[in-house]
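To start, the structure under review is shown below, and the notes come after it.
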Amino acid sequence: MPDSRRPLDPFAATAMVLLSAMWGFQQVAVKLAAHGISLVMQGAMRSAIAFVLLLAWAALRRIRLFERDGTLWPGLAAGILFGSEFAMIYAGLAHTTASRMVVFLYLAPCLTALGLARFVPGETLSPLQWAGVVLAFSGIVVAFGDGFLAQGRETLVGDALGVAAAFGWAATTVLIRATRLARASASKTLAWQLGVSAVLMLAISRAMGEPGVIAMTPLATASLAYQSVVVAFASYLMWFWLLTRYLASRLAVFSFAAPLFGVVFGHLVLGDALTPTFVAAALLVGAGIALVNLRTLRWASA
């Protein structure tokens, strides 16, 4: 049966830019709350709060989340992958900078494209589009290259966790698209991930001996609200809805903008300097995104 998902249109492209901006601020938000809530515990609380909100949303919209539809095992697997990914991100931020974590984490779109091309019919990229992926990723490497050389402390553990998280992110996306979860509602797919990951990250936090909630300052509270309500609930629900209607390989490419948004927000919130290197990298990423979506730029004639 042919895949009914379609290339990007203006609505999807705009939505992905907004989502990328939200995700780009995520690492900054985690750092802002670290003084009041342990890192992995932040992840557990984030998933738990978003899961409760999702249950309320589903009840309001009369979306059934618990009927038998064959998603039990892929749902549990997706939740474990999702929870492991974010546990590694949050734990890794204790050992590396947010900018380094973002770079390694955003290996995921390339890994996702490879996985989808292997396991999901219709999810292929042309040579020109592959060139765009390489160009965009090169821009990210350039943007943070000087920062890597300037680091004066060991970051190997955090960097390795970032790479492992990228594999987890890619594996989650491929699993969703290649199993019965692809035919489940966006709400149910997200519910599996949030519910399972909340329990998993709480267990990991306890096993690590984290102190948990240290001080719920206004800043920590605002950061947690952003992570849970805006990112884990609203933005992920939109992301999974987009996955049910558009080709995932095209959607994923826009996530290359997220680390660049992250650097901008780091400059505005944390005082990080913007350099000519970053500007050049932004141009490379923009060119890469244009190449990958070359076939979808003529929306009016599609």
Side-chain angles (χ1 to χ4, degrees), residues 1-6 8-9 11-12 14-16 18-19 22-23 26 42-87 108 112 115-116 119-123 168-204 224-252 255:
M1 182 178 177
D3 196 328
S4 62
R5 292 168 178 82
R6 55 187 183 271
L8 270 63
D9 54 27
F11 169 79
T14 301
M16 283 307 304
L18 292 175
L19 289 177
M22 294 177 189
W23 297 337
Q26 168 73 18
Q42 280 189 57
M45 295 175 67
R46 167 186 183 267
S47 285
I49 293 170
F51 182 65
V52 172
L53 291 174
L54 183 60
L55 292 180
W57 164 266
L60 182 65
R61 298 295 298 271
R62 300 183 183 277
I63 300 172
R64 291 188 291 179
L65 298 179
F66 302 107
E67 75 276 16
R68 294 184 179 181
D69 58 2
T71 63
L72 174 60
W73 294 113
L76 288 173
I80 291 170
L81 285 171
F82 184 83
S84 299
E85 169 201 340
F86 276 93
T112 299
L116 291 171
F119 295 106
V120 180
E123 295 285 3
W169 179 6
T172 303
T173 302
V174 173
L175 176 69
I176 290 168
R177 290 285 288 108
T179 65
R180 287 181 178 271
L181 289 172
R183 295 186 293 275
S185 68
S187 297
K188 184 159 189 175
T189 300
L190 183 56
W192 276 117
Q193 293 180 89
L194 292 175
V196 174
S197 66
V199 176
L200 179 61
M201 283 190 282
L202 177 60
I204 292 174
L224 184 61
Y226 175 81
Q227 294 179 57
S228 56
V229 179
V230 177
V231 177
F233 172 62
S235 79
Y236 288 168
L237 194 60
M238 173 59 75
W239 165 247
F240 288 119
W241 181 85
L242 290 169
L243 281 177
T244 66
R245 287 160 175 79
Y246 299 93
L247 292 173
S249 57
R250 309 297 192 268
L251 294 171
S255 61

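Positions are given from 1, in the same order as the sequence printed here.
Rounding to the nearest 0.5 angstrom, the gap separating the CZ atom in F51 from the CZ atom in F233 is 12.0 Å. The structure places CD1 of I63 at 6.0 Å from OG of S185, a figure rounded to the nearest 0.5 Å. The OG atom of S197 sits 9.5 Å away from atom CD of E85, with the distance rounded to the nearest 0.5 Å. The CG atom of D9 sits 11.5 Å away from atom CZ of R245, with the distance rounded to the nearest 0.5 Å. Expressed to the nearest 0.5 Å, how far CG of L181 lies from OG1 of T189 amounts to 5.0 Å. Remark: M45 CE to L202 CG distance equals 10.5 Å, nearest 0.5 Å.
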Next on the checklist: If you apply the rule side chain to side chain contact (heavy atoms under 4.5 Å, CB included), what do you find for M22 with Y226, and how did you get there?
Outcome noted: CA-CA 9 Å; M22 294 177 189; Y226 175 81; 3.7 Å; yes
Checklist entry - Is there a side chain to side chain contact (heavy atoms under 4.5 Å, CB included) between V230 and S235 once you walk through the steps? => result CA-CA 6 Å; V230 177; S235 79; 5.6 Å; no
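Residues L242 and A15 come closest through the heavy atom pair CD1-CB, 4.1 Å. Summarising the geometry of P74 relative to T179, their closest heavy-atom pair is CB-OG1, 3.6 Å, with the distance given to 0.1 Å. Residues S228 and A50 come closest through the heavy atom pair O-CB, 3.5 Å. Among all heavy-atom pairs drawn from M201 and S47, the shortest one is CE-OG, 3.4 Å. Closest heavy-atom contact between A87 and I204: CB-CD1, 3.7 Å. Taking both residues in full, the closest heavy atoms of A191 and L65 are given as CB-CD1, 4.3 Å, listed atom of the first, atom of the second, then distance.
Between W239 and W23, the two ring planes are perpendicular [angle over 60°; tilted spans 30° to 60°]. Using a 30° and 60° split on the angle between ring planes, F86 and Y236 fall in the tilted class, from 30° to 60°.
At most 12 non-hydrogen atoms from other residues, nucleotides or ligands lie less than 6.0 angstrom from CH2 of W57.
A donor-acceptor pair is defined here as one N or O able to donate and one able to accept, closer than 3.5 Å; such a pair exists between the side chain of K188 and the backbone of E67.
Contact annotation: the side chain of W192 approaches that of L72 to within less than 4.5 Å [non-hydrogen atoms, C-beta and beyond]. Between Q26 and R46 there is a side-chain heavy-atom pair separated by less than 4.5 Å.
Residue L76 is tested with T71, L81, V196 for a side chain to side chain contact (heavy atoms under 4.5 Å, CB included); the sole match is V196.
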